[in-house]
Amino acid sequence: MAKKRKKKAGSIALPYLVTIFIGILLVGGGTFLFLKHLGLLGAEKELPEPTPRQVITTTYADNHTILFILDEPENKKTSSTFLLMRSIPMEKKLVFVGIPSNTIALVGETQQSIRTAYENGGAGAAVEFTNHVFGIEIDRYMKLDSAALIKLCDVLGGVTYPVSEDVAGFNGDGSDQYLNSSQIERLITYSMFAGGEEERAYITSSLVSSMMNQADGKRLADNLDNSFNSMVNLAETNITAVDYKQHKVAIKSMLEYGRTIGSFYIMEGEAAYDDYIASETFLNDFRERFFSYNEEDDGEGEDDDQ
């Protein structure tokens with residue numbers, strides 16, 4: 001009798017479980033359909049539109065010109081050093097021209113040299129003098145002292161350069177030798193070159209050009225933010241964070257993808273006793289080469305110098 005009761009209980013339990021399962025499906029399915037009808041469940045979500053990719057193109061509007069001034073008051077043996085840099089990122093090109101400190105010109109009604117202009121009126125006066133001599137517009141300068149120059153040389157990584165002058169600490173035979181930051185400073189501030197200030201200006205521009213070409217462009221591009229902040233904090237300059245942001249992409253592209261980006265030009269002219277007078281032919285050619293471009297390339301005519 002016990003076995004029969006167990007079998008009967010099992011036969012009742014199975015239909016009972018099936019009934020509960022069907023009930024759950026009916027109730028759950030009905031609830032799902034009702035919520036979907038109300039738009040509360042199963043509604044398709046609209047995917048947000050992708051953010052447009054910002055494409056920044058380097059143009060001739062990224063050209064900029066900087067006058068570098070090395071001023072070491074503690075070094076009584078030499079004058080300040082003046083180096084003009086024209087940057088043309090679109091062409092992956094940096095052009096350097098050393099300006100002899102004894103270069104003279106008639107500014108207004110006064111004949112003066114770039115050295116006396118700087119000593120009397122500071123970096124702004126040196127910029128104005130250079131604008132007048134070259135017939136260009138420069139509105140950015142960077143004034144370096146010894147610490148700032150050494151930092152800049154360390155950022156670039158030194159240079160292998162031939163030294164022909166009999167300067168203490170150098171080969172002096174015209175053979176290539178590696179120069180660290182201290183040696184670079186010593187060479188470009190040397191006051192006893194046989195060719196005077198013209199030779200010192202030439203060596204400064206050629207050495208800096210070589211240093212740029214030998215630097216690791218990818219490394220410079222990757223560390224550009226830190227390098228800019230370091231130099232701005234060390235140097236006296238009117239280059240702003242806005243200027244940097246405006247040209248940053250173009251500069252990084254030039255550094256990373258350019259090969260031989262640096263070149264230098266000798267500021268041709270003639271000596272007049274202790275002074276130096278720049279050649280008008282050289283100045284005209286320099287403006288034509290590096291301060292104009294075809295309107296087809298940018299659509300705006302002449303570029304705005306920064």
same_hphob_cluster(Phe291, Leu67) at 4.5 Å side-chain heavy-atom cutoff: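 Same cluster: Phe291 reaches Leu67 through Ile, Leu, Val, Met, Phe, Trp or Tyr contacts under 4.5 Å.
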Transitive ILVMFWY side-chain link Leu156 to Leu234, under 4.5 Å: no
Lys252/Asp222 ion pair, N-O < 4.0 Å: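 Result for this pair is no, no salt bridge flagged.
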Locate the shortest heavy-atom distance separating [X] from [Y]; write the atom from each residue and the value.
{"X": "Met254", "Y": "Lys92", "answer": "CA-CD, 3.4 Å"}
{"X": "His64", "Y": "Pro89", "answer": "CE1-CG, 4.3 Å"}
{"X": "Arg200", "Y": "Thr189", "answer": "NH1-CA, 4.1 Å"}
{"X": "Gly157", "Y": "Tyr178", "answer": "O-OH, 3.3 Å"}
{"X": "Met85", "Y": "Leu94", "answer": "SD-CD2, 4.0 Å"}
{"X": "Asn238", "Y": "Asp139", "answer": "ND2-O, 2.8 Å"}

Is a side-chain donor or acceptor of [X] paired with a backbone partner of [Y] at a separation under 3.5 angstrom?
{"X": "Gln214", "Y": "Thr160", "result": "yes"}
{"X": "Asn223", "Y": "Arg219", "result": "yes"}
{"X": "Asp62", "Y": "Thr59", "result": "yes"}
{"X": "Thr103", "Y": "Ile99", "result": "no"}

Counting neighbours of [atom1] on [X] that are heavy atoms of other residues, nucleotides or ligands and sit closer than 6.0 Å, is the number greater than 12?
{"X": "Asp166", "atom1": "CG", "answer": "no"}
{"X": "Asp274", "atom1": "CG", "answer": "no"}
{"X": "Glu109", "atom1": "CD", "answer": "no"}

Validation row: Glu165, Glu199 side chains within 4.5 angstrom (heavy atoms):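 Heavy-atom side-chain distance check passes, below 4.5 Å.
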4.5 Å side-chain heavy-atom contact, Thr116 and Ile104: no
Residue list, side-chain contact (heavy atoms from CB on, under 4.5 Å) with Ser164, at least two apart or on another chain: none
Test item: side-chain donor near acceptor, Thr281 and Glu268, under 3.5 Å: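 Thr281 vs Glu268: no donor-acceptor pair found between side chains.
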Polar side chain donor-acceptor pair, Asp243 to Thr240, under 3.5 angstrom: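 A donor-acceptor contact under 3.5 Å links the two side chains.
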Residue pair Ser181, Asp154: steps toward the side-chain hydrogen bond (donor to acceptor under 3.5 Å, both in side chains) verdict: CA-CA 6 Å; Ser181 54; Asp154 287 341; 3.2 Å; yes
Test ring-ring contact (aromatic ring centres under 6.0 Å, His included) applied to Phe228 - qualifying residues, sequence neighbours left out: Tyr244
Reference residue Ser79; test side chain to side chain contact (heavy atoms under 4.5 Å, CB included); the match among Ser191, Ser113, Ser101: Ser101
Derivation of the side-chain contact (heavy atoms from CB on, under 4.5 Å) call for Leu187 and Leu207: CA-CA 10 Å; Leu187 184 62; Leu207 188 149; 3.6 Å; yes
Within residues 113-128 or reaching into it, pairs that qualify as salt bridge (Lys or Arg N to Asp or Glu O under 4.0 Å) - sequence neighbours excluded: none
Of all pairs that satisfy ring pair (Phe, Tyr, Trp, His ring centres under 6.0 Å), the ones with a partner from residues 125-149, not counting sequence neighbours: Phe134-Phe286
Glu185/Ser146 under side-chain hydrogen bond (donor to acceptor under 3.5 Å, both in side chains): CA gap, chis, key distance, verdict: CA-CA 8 Å; Glu185 178 186 28; Ser146 177; 2.6 Å; yes
Any residue meeting side chain to side chain donor-acceptor pair (under 3.5 Å) with Tyr202, in chain and number order, not counting sequence neighbours: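 Testing Tyr202 for side chain to side chain donor-acceptor pair (under 3.5 Å), a comparison that skips the adjacent residues, returns none.
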Results of side chain to side chain donor-acceptor pair (under 3.5 Å) for Lys93 - residues two or more places apart only: Glu91
